[in-house]
Structures are given as structure tokens and as C-alpha cells.
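Throughout, protein chains are lettered first and strands after them, A, B, ... in sequence-line order, and every chain is numbered starting at 1.
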Amino acid sequence: MNIFRLCGDMSHLAAIIILLLKMWKTRSVAGISGKSQILFATVFTARYLDLFTSFISIYNTCMKVFFIGTVYFTIYLIYMKFKATYDSNHDSFRVEFLIVPVGGLAFLVNHEFAPLEIIWTFSIYLESVAILPQLFMISKTGEAETITSHYLFALGSYRALYLCNWIYRYYAEGFFDLIAVVAGVVQTILYCDFFYLYITKVMKGKKISLPA
Amino acid sequence: ENATLVKDEL
């Protein structure tokens with residue numbers, strides 16, 4: 001564990017807590033893409049299959065349980081409890097256009113052609129594009145609530161911090177995982193225009209409103 | 001090879 005990865009995990013944790021607070025306090029899921037949350041649930045389920053078979057540390061297990069628990073709770077809030085406030089018309093990204101290519105790529109490009117490894121690779125590739133339905137929804141509605149912007153900033157920062165973690169681990173431990181790094185770079189790049197909007201607007205107390 | 005490496009990251 002290193003400071004970059006710890007900050008990354010805390011940023012990820014903060015993003016999930018911000019999202020839950022937004023939903024619980026406002027009792028509304030307006031502006032939140034249910035499809036992205038379903039993709040994140042798929043990512044965590046595929047990645048944490050070893051939750052019960054390989055024990056790394058208390059921290060690792062607790063975080064995995066928390067991530068899986070909260071993402072399914074988020075889906076419950078979106079599609080059941082606060083279903084009336086879910087904006088399905090704007091959450092219209094065709095996720096099959098993500099899942100099929102990512103699934104195919106996981107079969108073709110992986111570290112080892114073994115079931116658990118391919119499923120892990122699938123979760124890495126899927127995570128790098130899982131935010132697209134959410135970004136697409138914001139571009140369609142033309143705006144994002146400030147709290148949603150904070151959620152996205154924390155979520156985007158988590159993988160950017162993981163990139164720093166991989167640089168550190170490369171020099172400190174000689175650890176290098178090309179698949180995770182390339183997917184992490186793609187994932188972080190997807191947030192760049194949002195980061196720009198966040199820093200130029202939200203940091204100055206303005207709301208993010210894209211030219212619809 | 002990374003495959004044998006235990007996945008210790010979240």
C-alpha cells in the first residue's frame with residue numbers, strides 16, 4: 001500500500017458516499033445514470049469474485065464488501081425506492097455498445113487465458129468506460145447538480161491517483177500491469193473535459209451547464 | 001508474469 005493508492009481508494013469511497021448522500025438527502029436520483037451504476041455493479045462483481053477465496057487484508061476485504069454493497073444499494077435507490085425521480089429518457093446510452101466490445105477485448109487481450117483472469121480483465125476494461133452513460137446523460141440534460149459534479153470529480157480522481165500509484169509501484173517494487181495502466185489512462189482521459197469544467201466552474205461556485 | 005501476481009488492488 002502507498003499514499004497514492006490510499007488516497008485513490010479514499011477518493012473512490014468519498015465518491016460513493018457523496019452519491020448516496022445526494023440521493024438520501026434530496027430523496028431524488030435526478031441527473032444520475034442508472035446505467036452507469038449497473039456497469040459499476042458489474043465491474044465490482046466481476047472483479048471481486050475472489051472476495052471469499054483469497055484474503056489480502058482486512059482493509060481490502062472491507063473495501064470490497066463496502067463497494068459491492070453500496071453499488072447495489074444505489075441501484076435499488078434508482079430503480080425502486082426513488083424510481084419516480086429517475087430520468088430514464090435522458091439515460092439512454094446503449095450499454096451493449098460497451099459490453100460487447102469490452103467482453104471481446106477481454107478474451108483477446110489478457111495476461112492469461114483463464115476464466116478468473118479473463119473476468120478480471122473484463123472488469124478492468126469495463127470500468128474504464130463505465131462512466132460514459134453518466135457523462136452522456138449530463139451532455140443530454142446540459143447540466144449537472146453541483147453535488148453530482150463533486151461525485152464525478154472524486155470518481156475521476158480515484159483512477160488518476162491509481163495512475164500515480166502504478167508509477168510509484170513501478171519504481172519502488174518493479175510492479176507493472178500494462179492492462180490496468182492502459183485502461184486507467186483511458187478512464188482518466190474520459191474525465192478530462194469534465195475536470196476542466198469542474199475546475200473552471202464548480203470551483204468558482206458556478207453550476208456546470210454544457211451547451212446542450 | 002502478472003497473472004500469477006495476486007490481485008492486491010481494489
Most contact-rich option vs chain B, by heavy-atom pairs under 4.5 angstrom, among A:Met1, A:Met63, A:Arg5, is A:Arg5
How about B:Glu9 and A:Asn165: do any of their side-chain heavy atoms sit closer than 4.5 Å?
yes
Rounded distance (nearest 0.5 Å) linking atom CD1 of A:Ile124 with atom NZ of B:Lys7
8.0 Å
Could you go through residues 96-106 of chain A and list every donor-acceptor pair under 3.5 Å that involves a side-chain atom there, pairing it with any protein atom two or more places apart or in another chain?
{"from": "A:Glu96", "atom 1": "OE2", "to": "A:Arg94", "atom 2": "NE", "distance (Å)": "2.7"}
{"from": "A:Glu96", "atom 1": "OE2", "to": "A:Arg94", "atom 2": "NH2", "distance (Å)": "3.0"}

If one checks every heavy atom of A:Tyr48 against chain B at 4.5 Å, the contacting part turns out to be side chain
Tell me the closest heavy-atom pair linking A:Phe67 and B:Leu10, and the distance in Å.
CE1-CD1, 3.8 Å
Within 6.0 angstrom of A:Tyr171 OH, more than 12 heavy atoms from elsewhere:
no
Counting only non-hydrogen atoms closer than 4.5 Å, does A:Asp9 touch chain B with its backbone (N, CA, C, O), its side chain (CB onward), both, or neither?
side chain
Near A:Phe136 CZ, under 6.0 Å, is it more than 12 heavy atoms from other residues, nucleotides or ligands?
yes
To the nearest 0.5 angstrom, please state how far the CG atom of B:Asp8 sits from the OH atom of A:Tyr59.
11.0 Å
